[in-house]
Each structure stands twice: as C-alpha cells, then as structure tokens.
Amino acid sequence: MPSLHRLCPGALSAGLLLAASACALLVMRLEPDLLLLAVGVTCLLSLILAGSLRADKYSWALPWGPVPLLAVAQLVWLLGPAIWLSTTPQMSLWSGWLLALLPLGYLAGTFLQRQPGAAYRVWAGIALLITLEAVFSNIRYFSGITPRGIGTFLDPNAFGALLYCLLLPAVAVYADADQPPLRRRLALGAMALVFLAFFSTQSRGAGGTLLLMSLLLAFALRSAGVPVLRPAFTIAATALACYVLVRVTSPNGTRTLDLATDPSTLGRLMMWKSTWNAWLDHPWFGTGVGTYRLQYRHYRLPEETGTTGDLAHCDYLQMLMEGGPILLGFLLAWGVVTCWLGLSLFLRLRDTRQPMAARKAAMHALTLVLAVLGLFVHATVNFIFYVAPLALLAGLALAQAQHALSGTRLRAVRIPANRRLVLAFATLTVGVATGALVADWTASLMLSPWMPSTPLSVASAPAERRYQIASYVIALRPNNLVAQQTLVSSATELALSRAGQAAGRTWADLALYDGKRLLEVSRENAYGWEMLGRLLTGYPQLGVEMPPLPSRAEDLFRRAIDFYPAAPTPYRLLAGELEKAGHPADALEVLHSALTWRNIPTPTAAANKSWIALIDYGRALSLKQLDTDPTPRVIAMAQDFGAATAPPATIEATAGP
C-alpha cells in the first residue's frame, strides 16, 4: 500500500498549510480580503482530503477518537446549514468559517503529523511569519505611524495574542540545552523583536495572559527538574530591556492601568450587559452565528459610545448570544481538551521513567498548549476565536500536542462506493462551500454602499442596474442580505422617482414584496423598516397591504429607530412626517433625541452625511420653533443643535455576507 507520504507529499502539504496560514494572517473579520479566507479554507480542506486517501479504493484513513469527533461535530453544526442559509441572521457562512478554523486546524494538523518533517517546516514558517509581522509593527510604531503596535489587519489585542503564541514556544527552544546553538540564538533574537512589538501593543489583556502562562511554564519546568534559572534570567533581562525601550521611546505615551476609570473597560462592561440581554431573548439557539453586529444595535446602551459594536470583546458571551448553549459548549469543550492535554504533558514531563526524547517532546508541546490556554484566558476580555490566525493556530497547536502525547491515529473507514466517486463528491462539497463564500462576499463588494470602493462596486450605478444585479445574486444565493437590501432600496428609489406613473406603482409593489422578504430574512433589519417607511411616504395607499406590519410611514420609522437607535436617517424622516402633519414641536424632539447617539465611533461616510443633514434640519427647525415657543426647553435644544458637529467620517465595512 503506498504510504501517505507518497499520496500527499510532505512538501506539498506543508506548502498548502503554510499558504493557508499566510492567508489567515492577512485576514481579519471585516476586511475585503476575506476572499483570501476562502483560499485558505480551500487549502485546509484540500490538505485534509488528500491526507485521508488510502490505496484501498473502498476505505479512507480518518482520525478517530473523542477529539476528532468533537471537531467533526462542530464543523457539521457550523457549516452544514450555512451553505444554504448564509447571510441570514440564522447563519452567516463567513462567520461560520471563522469559528470552524479551530477544528479545521486541528484536523489538518492531525494529518500533518503523518508526514515526516512537514510539521517542523510548517511551524518554522509560521514562526518566521509572526517574526516578520513583529518587525513591520516595530517600524510603524517607532516611526509614529500607529499609536499602538498592530499587525496586518489585526488590532493591538489580537496582535498581542498572536505574539505570545510565538513567545512561549520560543522560550522552550531557548531553554532546551540540547538544541543547536544557532537555533537557540535565533530563538532569543526572535524573542527580542517580538517582545518589542508585544509591549508596543499596550494590550493589558495580552500582557496579563503572557505573565500568567509564563509563571505556569516556569512552574512546570522547575517541577520537572529542567535547569531554567540561567535561560530564565536571560529571557527576563531581554524582556525588561524591550519594555524599558518601548516606555522610554514611545512617541504616543502608554495606556492607563486604572481599570475603574478606563473608558475601554467601562465600555466592555456595558457591551457584556447588552450581549447578555440579547441572549436572554434567544436562550436556546441564540440570535444566529454572525449576527452580533446586527443584533447589538438593538440592545446597545445609550451611554456606550466608545466602541464600534462589531464584537463583544468576550468570546464566551458572544458565542452564547450567537449560538446559544450549543455553540458555547463547543468552545468550552475545546477548553477542556486543552487543559487535559496540558495536564497530561506536564505529568509526562515530570515522569523520569520516560525516555529523555519523550520528555523533551512533552516540554515543547506543553508550551504550545499553554499558548492555547492563554487564548482561552484572553478570550474572556477580548475577541480571540473570531480572529482567523488565532483560531487556526490553536487547532494546529492542539494537534501537535496530541501527537507528542499519544501519536496520531488514523482509522480505516470503509466507504461502500468507488473511491473516485467519493473523492468527486468530497471535492464538490469543498468547492460549493468555498464557492458560496466567494459568491456572498463578492456580492457584498459589488452591491454594498458601505464597503470601500472597489472595481467591482456597482453601488453608484443606476437603480435598474443595481436591481438587476441583485436579482442575479438572489437567484444564486436566495438569502444574501446585501442583495436583499439592494432590491428594496433600488425598487423604492425607482418607485418614488416615477410616482404617478404605472411603472412607479409596479416598482412600488416590488419594493413592498422585497421589503417584507428583507424583514423576514434579517429578523427585522432596521434598514428594511426605513425603506418601507420611505415607500409609504410616496404611496400611502399601500398601507392597506401592510398588516400585520405597521401601515403608516411614521410608525415604520419608529420601528427602525427602536431596532437601531444609532442611525440618523430614520429620525430625520420621522421628523419630516411629523412636521408635515403639523407637529413641529414633536419633530424637534425627535431630532434632538438622536443627538444622544452621535458620538458612536466609525460611522460610514454615508452616515456622516446623514448626521450633517439631521443637524442642519434640527438647527433650522429649532430657530423656527423659537419664534412661536421660546421656552427654556426649546432654547436648550437650539443651543445643542448650534454646537453640534457631525462625527468624523471614516469608512467601515459591512457586517459581511
């Protein structure tokens, strides 16, 4: 029987996995480069598929045992329905891919261990990538380009987590006296570069996690009788020198350690409260994977104006909200696996009856497990497993640790079909899954007015063209949220621009149908309420077709405000309806209530224009109201509008397909 190495050469598989890791390093959850995630996932799945091939045409070699079954169960739970339900609040395919990278990394790492030397080459490549990231971060930070150390599409906290995933294994390499001198010197040099980048992130969560895991590692090595005093002194001196250098030369100062008054900490506490309240309303299956940003808008506290509201900064709470106890249970199960591997490796490291080679292997594997354990600790105060490279590295590290502990076991599974047919089906599944991701994200790039401009963008095209393209996308991906929004907005635009014409009424009927569909697909997306309200301002006769939905434009705008109170446009539209109805005082109150939400960061450029329009309207209306009602309340509102400015315009990506 041909060996696995012959069927899937180590160099090829290592290259695939390294390419996937490199792609993942370039990917963050909201960047247009998420298309790279599809490439990375395809490489991972291809590696797993190739590694499972056997010469026997009726059997495949598959990992077996509790941990592989956990990985497969999580993949089925996350990705099975996502291929068909993607972009709906019940399931987002690209968010499912992100959360599936941990089990995917574990399965890929399991097959990787079967190929001599491949695992070492992959980990060496990953270490080199992270070190290069640290170098580029140091250049940007000490040049004053960035206020804190950051990675490629990684915020300071996630970048800090990525760096300690290298620091802990590097400590073991340097502490191992049997390693070649050159390798130990390279490890120390890499640590120096990484320490500089690590301290420049000023991530308190990453710093506390590294300190805790370093103490655990020192205790483990000391208990096992490994001589660590001298290497520990050298590493500590290197870290201290880097810390002092960052503190002395920092062009941007350092962050406060007073958590009681720190706005970032207070913002997290408010986010966690809102996240918990959202889960209480959906206790069994959650709001849906990938829906945090959409749902958080509805539960956001008015005083929480310090975050973008994209992620909960606590993976445990976010997974509970998005996926209920089942999704949280998967994450906790991996935490249990991590603790079990760490304890088992620690006991082997202490067992003097074991061969020295086995004890050294356990020592190096333990550092990987401690890095993953650090991710689980860090995930209590930050987003960790929603970051592609961190989730992928966690899976790879756990596979490496399990191999060091008990070897990699594959079980022959008989397939009652010709291997070529099974292989064709598996390849088709990989293609459909990754193709769906590409289709969804490409649709977002093409249709979304909130995405950065790209050559594919048609957001500024004529309404008929946008409606036509969105219809094509819907034919391919029926639940694509961006395409659904485009159908409603373009049909509404065409209906209002052709009011009084037969074609206008036809477009109005289409907009009404598409708007109801959008509300059904998106769990009452505020944008859907706003568009239907706009439609009824020009076609109030359609109100008879609205039940059980509100039948007046005013009530639809109020629904939009209730669901997403931080959006300025529904306030302005509602105020316009109230003024037309002869209630200017009520209109002014509505406009003034919107100012509470004006300080939320990173609005889109379109939102910035909407805030300018709202403030201008509020100023004009308040001055008009002063002529008839110069009461202190109206005077105060006029002063507020006079002092108000629009928030800074920065482009923000959409919540994804």
Side-chain angles (χ1 to χ4, degrees), residues 32 34-35 38 83-89 92-94 294 431-432 434-539 542 545-546 556 560 569 604-606 609-610 651 653-657:
L34 270 168
L35 287 173
I83 295 175
W84 315 113
L85 300 179
S86 177
T87 76
T88 70
S92 170
L93 180 56
W94 69 271
L294 178 66
V432 169
T434 53
L437 178 63
V438 172
D440 286 339
W441 194 252
T442 302
S444 294
L445 288 173
M446 292 177 62
L447 297 171
S448 176
W450 304 286
M451 292 293 292
S453 179
T454 68
L456 295 176
S457 178
V458 296
S460 59
E464 292 97 331
R465 178 65 173 165
R466 284 185 280 119
Y467 191 91
Q468 183 182 35
I469 294 176
S471 299
Y472 293 150
V473 174
I474 291 297
L476 182 64
R477 303 290 291 154
N479 294 322
N480 188 287
L481 201 58
V482 177
Q484 289 284 353
Q485 291 178 338
T486 302
L487 286 179
V488 179
S489 61
S490 55
T492 300
E493 179 182 334
L494 290 166
L496 295 177
S497 65
R498 301 178 183 183
Q501 304 176 21
R505 179 53 193 263
T506 301
W507 282 112
D509 290 337
L510 288 173
L512 180 61
Y513 172 81
D514 293 329
K516 289 183 175 181
R517 170 64 177 161
L518 173 61
L519 293 178
E520 176 187 350
V521 167
S522 65
R523 285 189 183 174
E524 303 185 1
N525 189 335
Y527 192 75
W529 293 118
E530 178 189 325
M531 285 296 104
L532 287 177
R534 286 177 179 268
L535 181 65
L536 289 192
T537 60
Y539 294 85
L542 290 178
E545 301 181 32
M546 292 296 294
L556 290 166
T569 303
T604 63
K609 294 179 181 178
S610 296
I651 297 297
T654 65

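Residues Gln501 and Thr506 have side chains not in contact (no heavy-atom distance under 4.5 Å, counting atoms from C-beta outward). A heavy-atom distance below 4.5 Å is not found between the side chains of Leu542 and Met546.
Nearest heavy atom pair, residue Leu535 against residue Ala511, reads CD2-CB, 3.9 Å. Val473 and Ala483 get closest at one heavy-atom pair: CG1-CB, 3.8 Å. Minimum heavy-atom separation, Ser610 to Thr569: OG-OG1, 3.1 Å. Counting all heavy atoms, side chain and backbone alike, Tyr539 lies closest to Gly500 at OH-N, 4.4 Å.
Going from atom CG of Leu532 over to atom NZ of Lys516 covers 8.5 Å, rounded to the nearest 0.5 Å. Atoms CD1 and CE, from Ile469 and Met446 in turn, are 4.5 Å apart once rounded to the nearest 0.5 Å. The line from CD of Gln485 to CG of Leu447 is 10.0 Å long, rounded to the nearest 0.5 Å. To the nearest 0.5 Å, the span separating CZ on Arg517 from CG on Leu510 amounts to 15.0 Å. Atoms CG and OG, on Asp514 and Ser471 in that order, are 7.5 Å from each other to the nearest 0.5 Å.
The stretch residues 473-508 participates, sequence neighbours left out, in these ring-ring contact (aromatic ring centres under 6.0 Å, His included) pairs: Tyr467-Trp507.
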Which pairs would a plain distance check flag for residues 490-498, meaning a side-chain donor or acceptor within less than 3.5 Å of a matching protein atom at least two apart in sequence or in another chain?
from: Ser490; atom 1: OG; to: Thr486; atom 2: O; distance (Å): 2.6
from: Ser490; atom 1: OG; to: Leu487; atom 2: O; distance (Å): 3.4
from: Thr492; atom 1: OG1; to: Val488; atom 2: O; distance (Å): 2.7
from: Glu493; atom 1: OE1; to: Arg466; atom 2: NH2; distance (Å): 2.7
from: Ser497; atom 1: OG; to: Glu493; atom 2: O; distance (Å): 3.1
from: Ser497; atom 1: OG; to: Leu494; atom 2: O; distance (Å): 3.0
from: Arg498; atom 1: NH2; to: Glu464; atom 2: OE2; distance (Å): 2.5

